Student: 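If you scroll down you'll find the structure; I have some questions about it.
None of the values given here were measured: they were computed from a predicted structure. Labels below follow one simple rule: chain letters A, B, ... track the order of the sequence lines, proteins then strands, and each chain is numbered from 1.
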Amino acid sequence: MQDKLIHALKRACKDVFKVNIEPVLSRPDEQFGDYACNVALQLAKQLDQNPRDIAVKLSEQIKSTEGVVSVSVAGPGFINVTISDAILAEEGFTISLHRSNAGQEILVEFGNFNPLKTVHLGHLYTTIVSSAIARLFERSGANMHPISYHGDVGMHIAKAIWAIGKDIDWDPEKLEGLKSGSESDEGMQSLKTVFGAYYAHGNEAYESDPEATEQIREVNRQVYDRDHKGVNKIHDLCVKRSLEYFDTIYDELGVSFERHYLESETAPIGTKVVKENIGNVFEESDGAIVYKGEKDGLHTRVFLNSQGLPTYEAKDLGLIELKKRDYPNAVKSIIITGSEQKEYFKVMLAALGHIEPEQAVKTEHITHGHLGLTTGKMSSRTGNVFGAQSLMDATRMEVQKAFPDSEVQHDVYLAALKYTFLKHRIGGDIVFDVQESVSLEGNSGPYIQYAYARARSILRKKSAIKGEVGELEAGERSLVRKLSEYEEVLEHATEERLPHYICTYLYELAQAFNRFYENNRVIDNEREALRLKIIEAYTNVLKDGLETLGIPVIEKM
RNA sequence: GCACCCGUAGCUCAGUGGAUUAGAGCGUCGCGCUUCGGACGCGAAAGUCGUAGGUUCGAGUCCUACCGGGUGCACCA
């Protein structure tokens with residue numbers, strides 16, 4: 001219907017005013033109609049005519065469009081259109097998406113947790129928001145390839161290994177002993193917390209103790225060259241344990257990857273790429289190999305350090321080579337990270353632009369803002385920060401309290417956790433109130449799950465049957481009208497890479513349902529058949545939306 | 001210092017394809033269960049949309065300057 005209206009308006013502009021313009025429709029406040037168009041206001045200046053007069057003339061033209069019930073001109077010259085109940089219901093009862101990325105191979109890289117480091121809130125944010133974005137693209141027909149990338153070599157690893165090695169006198173036999181650590185938990189549970197502390201210790205030493213700095217740089221070299229048995233053994237075991245731990249988090253979140261890339265794979269390739277382009281792209285400066293980004297309005301970054309070892313930037317070039325090799329048909333490669341990497345990516349991609357322009361063009365970097373906590377008390381001493389695990393645990397405990405003997409605890413927990421991240425527009429920084437995040441009321445994931453379960457309980461009593469849709473009563477119409485907006489919301493969210501549009505919509509939809517439910521009886525009502533159909537369509541949209549976000553629906557809670 | 005992001009109700013945030021009367025949740029105050037699931041609904045109080053200019057018939061939305069907060073800026077990732 002939307003396309004039809006746009007077409008009719010476009011034609012009217014051409015017929016009456018001899019202008020070519022692409023009219024844009026919006027969904028106005030319900031009292032004004034189902035669609036609104038401000039094209040008359042846009043044309044007013046160019047035609048030098050009163051916008052209201054233009055609007056009146058255009059509305060005369062589109063009045064007879066099939067499915068249009070009434071057209072009115074309001075305010076300064078808005079054209080408000082009301083469509084027939086039958087058409088509205090037809091749109092509200094079906095979900096038909098434009099497959100704008102049909103058949104396209106798209107890579108999406110996210111969730112880049114670093115071995116031997118704490119998994120932070122930011123990592124959790126990236127993982128949750130990225131899988132929602134990936135699913136959005138999938139809905140538009142794309143063939144998505146989710147991949148992750150982990151820094152198993154590099155200075156952060158050297159810092160942690162140096163600290164661990166010192167602690168166990170570089171005797172790999174003592175390594176297993178770390179598993180029981182000082183924590184009461186066993187095995188992996190303990191090791192993952194120990195790592196963060198060792199990294200923090202190594203990092204501190206690196207910055208404050210010149211002797212340690214030298215030693216850590218040497219360990220870094222040994223990690224790359226693999227010429228020290230003790231280092232190798234510590235490295236191999238610890239990275240393995242870290243990656244196992246990451247998989248438990250991914251599993252818990254219901255996120256899966258097609259492939260985990262490692263920096264140890266990309267380092268040699270990236271190093272080679274940089275070396276091959278010294279002179280034309282990269283240059284030497286203070287013993288390091290750098291890209292001077294100033295010529296692109298950016299800044300200089302080091303690709304190979306003065307030891308000849310690759311930095312993050314060189315490794316990323318290597319990763320891009322590997323991706324190209326593994327996914328030769330990919331038309332787009334999306335990378336999602338925190339916003340602090342924005343400038344970095346610009347420089348890296350600028351350098352790439354001089355080496356492989358087509359790859360640089362394919363790569364799209366999406367960022368999200370930072371996460372702060374309302375109170376400082378949650379982040380404590382170095383090495384024991386309030387990280388992803390703490391937040392997940394806190395949320396889980398809160399859900400357990402609210403649902404002591406429920407089988408749906410895990411699903412509610414996922415909804416509470418994911419929705420809290422997803423409901424905000426990505427890009428800006430957000431402040432995280434732990435109490436509010438686990439709240440099951442208001443604009444939250446569990447509220448929407450509940451709104452779904454309530455409706456499902458009606459449908460369990462009687463299911464919808466097929467039949468004609470007649471006239472809609474006001475309450476029914478509001479809900480159906482809201483349902484009819486779903487596809488537009490999904491498409492908009494995909495185009496803008498903003499999953500929060502879906503949250504806002506689903507919340508409004510759930511509110512619309514709760515309002516309807518409050519005032520309208522469904523079962524044992526003369527309008528039962530129609531209302532059951534509306535409720536069924538409503539549950540379908542809610543389910544579709546929640547699942548796109550990666551949030552499970554619950555039949556009974 | 002330079003660059004980017006942000007500044008909307010007491011708090012957390014929507015609204016940023018300019019447009020009809022700035023919205024929601026939490027919190028505060030009040031109302032509604034003979035009702036298909038009350039984790040609900042309805043109402044009230046609460047806003048110089050950071051400040052000052054500008055563009056426009058029209059600006060929370062675009063432009064400029066400034067203020068405030070965040071992030072990044074050479075061998076970390």
Side-chain angles (χ1 to χ4, degrees), chain A residues 24 26 28-29 31-32 36 38 41-42 44-45 50-51 74-78 80 112 114 117 151 154-159 203 206 217 220 263 285-293 297-307 309 311-313 315-316 337-344 346-347 367 369-370 372 374 402-403 412 423-425 427-433 435-437 439-444 446-447 449-451 453-462 492 496 500-501 503-504 507-508 511 513-525 528 531 535 556-557:
Chain A
V24 177
S26 60
D29 206 73
Q31 59 180 307
F32 298 118
N38 66 352
L41 296 151
Q42 291 174 345
K45 185 162 192 187
N50 182 322
F78 291 100
N80 292 325
N112 303 350
N114 286 317
K117 280 179 82 173
M155 285 306 291
H156 65 288
I157 294 287
K159 288 169 184 171
N203 192 43
Y206 183 81
R217 282 172 73 87
N220 190 34
E263 287 190 12
S285 174
D286 290 342
I289 304 302
V290 305
Y291 176 75
K292 300 240 175 183
L298 301 167
H299 62 274
T300 295
R301 294 200 70 102
V302 172
F303 279 66
L304 297 180
N305 70 19
S306 47
Q307 282 177 293
L309 296 175
T311 58
Y312 187 42
E313 13 290 77
K315 289 183 250 184
D316 251 336
T337 73
S339 57
E340 72 281 358
Q341 296 193 25
K342 214 168 188 170
E343 293 299 304
Y344 157 74
K346 281 187 193 163
V347 178
T367 63
H370 286 194
T374 43
F403 298 81
V412 174
K423 71 176 174 180
H424 300 112
R425 169 183 272 264
D429 294 352
I430 58 174
V431 177
F432 205 104
D433 185 316
Q435 280 307 313
E436 193 186 312
S437 80
S439 164
L440 312 180
E441 293 169 11
N443 188 359
S444 70
Y447 169 94
Q449 285 180 319
Y450 178 66
R454 284 178 100 186
R456 289 295 299 166
S457 84
I458 299 173
L459 294 172
R460 267 195 300 278
K461 295 185 171 67
K462 264 184 188 169
H492 194 201
E496 306 271 316
H500 82 287
Y501 284 141
C503 293
T504 307
Y507 179 62
E508 286 169 5
Q511 273 187 318
F513 166 75
N514 281 334
R515 216 166 285 147
F516 173 79
Y517 184 81
E518 194 76 16
N519 303 311
N520 300 279
R521 205 176 159 81
V522 176
I523 289 171
D524 296 333
N525 178 285
E528 179 184 291
R531 288 181 177 178
I535 301 302
K556 292 179 190 175
M557 58 192 289

Student: Over all strands shown, is Asn443(A) touching base, sugar-phosphate only, or nothing at heavy-atom distances under 4.0 angstrom?
Tutor: sugar-phosphate

Student: In whole Å, measure the gap between the P atoms of rA45(B) and rC40(B) for me.
Tutor: 23 Å

Student: Look at the side chain of Glu518(A) against the base of rG32(B) and say whether a donor-acceptor pair falls under 3.5 Å; ignore hydrogens and angles.
Tutor: yes

Student: When the C1' atoms of rA46(B) and rG58(B) are considered, how many whole Å apart are they?
Tutor: 28 Å

Student: Would you check if Tyr517(A) and Ile535(A) make a side-chain contact, meaning some heavy-atom pair closer than 4.5 Å?
Tutor: no

Student: Identify the pairs formed between an N or O of the protein and an N or O of nucleotides 42-45 of chain B at a distance under 3.5 Å, and give each distance.
Tutor:
residue : atom : partner   : partner atom : Å
rC42(B) : OP1  : Arg515(A) : NE           : 2.6

Student: Given the C1' atoms of rG30(B) and rA14(B), what is the spacing between them in whole Å?
Tutor: 27 Å

Student: Taking atom P in both rU12(B) and rG54(B), compute the distance separating them and give it to the nearest angstrom.
Tutor: 33 Å

Student: Under 4.0 Å between any heavy atoms, over every strand shown, what does Asp286(A) touch: base, sugar-phosphate, or nothing? Just pick one.
Tutor: base

Student: With a non-hydrogen cut-off below 4.0 angstrom, is Gln31(A) in contact with a base, only sugar-phosphate, or nothing?
Tutor: base

Student: Under 4.0 angstrom, heavy atoms only, what part of the nucleic acid is Ala453(A) near: base, sugar-phosphate, or nothing?
Tutor: base

Student: For the residue pair Tyr291(A) and Phe303(A), categorise the inter-ring angle as parallel (less than 30°), tilted (30 to 60°) or perpendicular (more than 60°).
Tutor: perpendicular

Student: Using a 3.5 Å cut-off on both pairing distances, which stems of three or more Watson-Crick or G-U pairs include RNA chain B?
Tutor: B:1-7 with B:67-73, B:10-13 with B:23-26, B:28-32 with B:40-44, B:50-54 with B:62-66

Student: For a quick check of understanding: with a heavy-atom distance under 4.0 Å over all strands, which category does Asn114(A) fall into, base, sugar-phosphate or nothing?
Tutor: sugar-phosphate

Student: Looking only at atom P, what distance separates rG53(B) and rC13(B), rounded to whole Å?
Tutor: 30 Å

Student: Which of these nucleotides, rG37(B), rC5(B), rC76(B), is closest to any side-chain atom of Asn305(A)?
Tutor: rC76(B)

Student: Considering every strand and a 4.0 Å limit on heavy-atom distances, what is the contact class for Gln511(A): base, sugar-phosphate, or nothing?
Tutor: sugar-phosphate

Student: Report all interatomic pairs (protein N or O, nucleotide N or O of nucleotides 14-17 of chain B) with separations under 3.5 Å.
Tutor:
residue : atom : partner   : partner atom : Å
rA14(B) : OP1  : Arg425(A) : N            : 2.8
rG15(B) : OP1  : His500(A) : NE2          : 2.8
rG15(B) : OP2  : Arg425(A) : NE           : 3.3

Student: Counting just side-chain N and O atoms, does Tyr206(A) come under 4.0 Å of either OP1 or OP2 of rC76(B)?
Tutor: yes

Student: Between rG72(B) atom P and His299(A) atom NE2, what is the distance in whole Å?
Tutor: 11 Å

Student: Among the nucleotides rA3(B), rC26(B), rC76(B), which one has an atom lying closest to any side-chain atom of Glu343(A)?
Tutor: rA3(B)

Student: If you look at every strand shown and take non-hydrogen atoms under 4.0 Å, does Arg217(A) touch a base, only sugar-phosphate, or nothing?
Tutor: sugar-phosphate

Student: Among rC36(B), rA77(B), rC26(B), which nucleotide has an atom closest to any side-chain atom of Ile458(A)?
Tutor: rC36(B)

Student: Using the side chain to side chain donor-acceptor pair (under 3.5 Å) criterion, which residues pair with Tyr450(A)? Sequence neighbours excluded.
Tutor: none

Student: If you check every side-chain atom of Ser285(A), which of rA74(B), rA39(B), rC5(B) has the closest atom?
Tutor: rA74(B)

Student: Would you say Glu343(A) and His299(A) are linked by a side-chain donor-acceptor pair, where the criterion is simply a distance under 3.5 Å?
Tutor: no

Student: For a quick check of understanding: with a heavy-atom distance under 4.0 Å over all strands, which category does Asn80(A) fall into, base, sugar-phosphate or nothing?
Tutor: base

Student: Assign Tyr447(A) to base, sugar-phosphate, or nothing according to its heavy-atom contacts below 4.0 angstrom with the strands shown.
Tutor: sugar-phosphate

Student: If the condition is salt bridge (charged side-chain N to carboxylate O under 4.0 Å, His left out), which residues does Glu528(A) pass it with, not counting sequence neighbours?
Tutor: Lys462(A)

Student: Base, sugar-phosphate or nothing for Pro28(A)? Non-hydrogen atoms, less than 4.0 Å.
Tutor: base

Student: Using a 4.0 Å heavy-atom cut-off, does Ser306(A) contact any base of the nucleic acid, only the sugar-phosphate backbone, or nothing at all?
Tutor: base

Student: At under 4.0 Å between heavy atoms, what does Asn520(A) touch on the DNA or RNA strands: base, sugar-phosphate, or nothing?
Tutor: base

Student: Taking only the side-chain heavy atoms of Val302(A) (C-beta and beyond), determine which of rG25(B), rC75(B), rA77(B) contains the nearest atom.
Tutor: rC75(B)

Student: Taking only residues two or more places apart in sequence or in another chain, which ones pass side chain to side chain contact (heavy atoms under 4.5 Å, CB included) with Thr337(A)?
Tutor: Ile335(A), Gln341(A), Phe345(A), His365(A), Thr367(A)

Student: Under 4.0 Å, heavy atoms only, any strand: does Ala36(A) hit a base, just the sugar-phosphate, or nothing?
Tutor: base

Student: Select base, sugar-phosphate, or nothing to describe what Tyr344(A) touches, counting heavy atoms under 4.0 Å on all strands.
Tutor: base

Student: Can you measure Tyr517(A) atom OH to rC36(B) atom P for me and round it to whole angstrom units?
Tutor: 7 Å

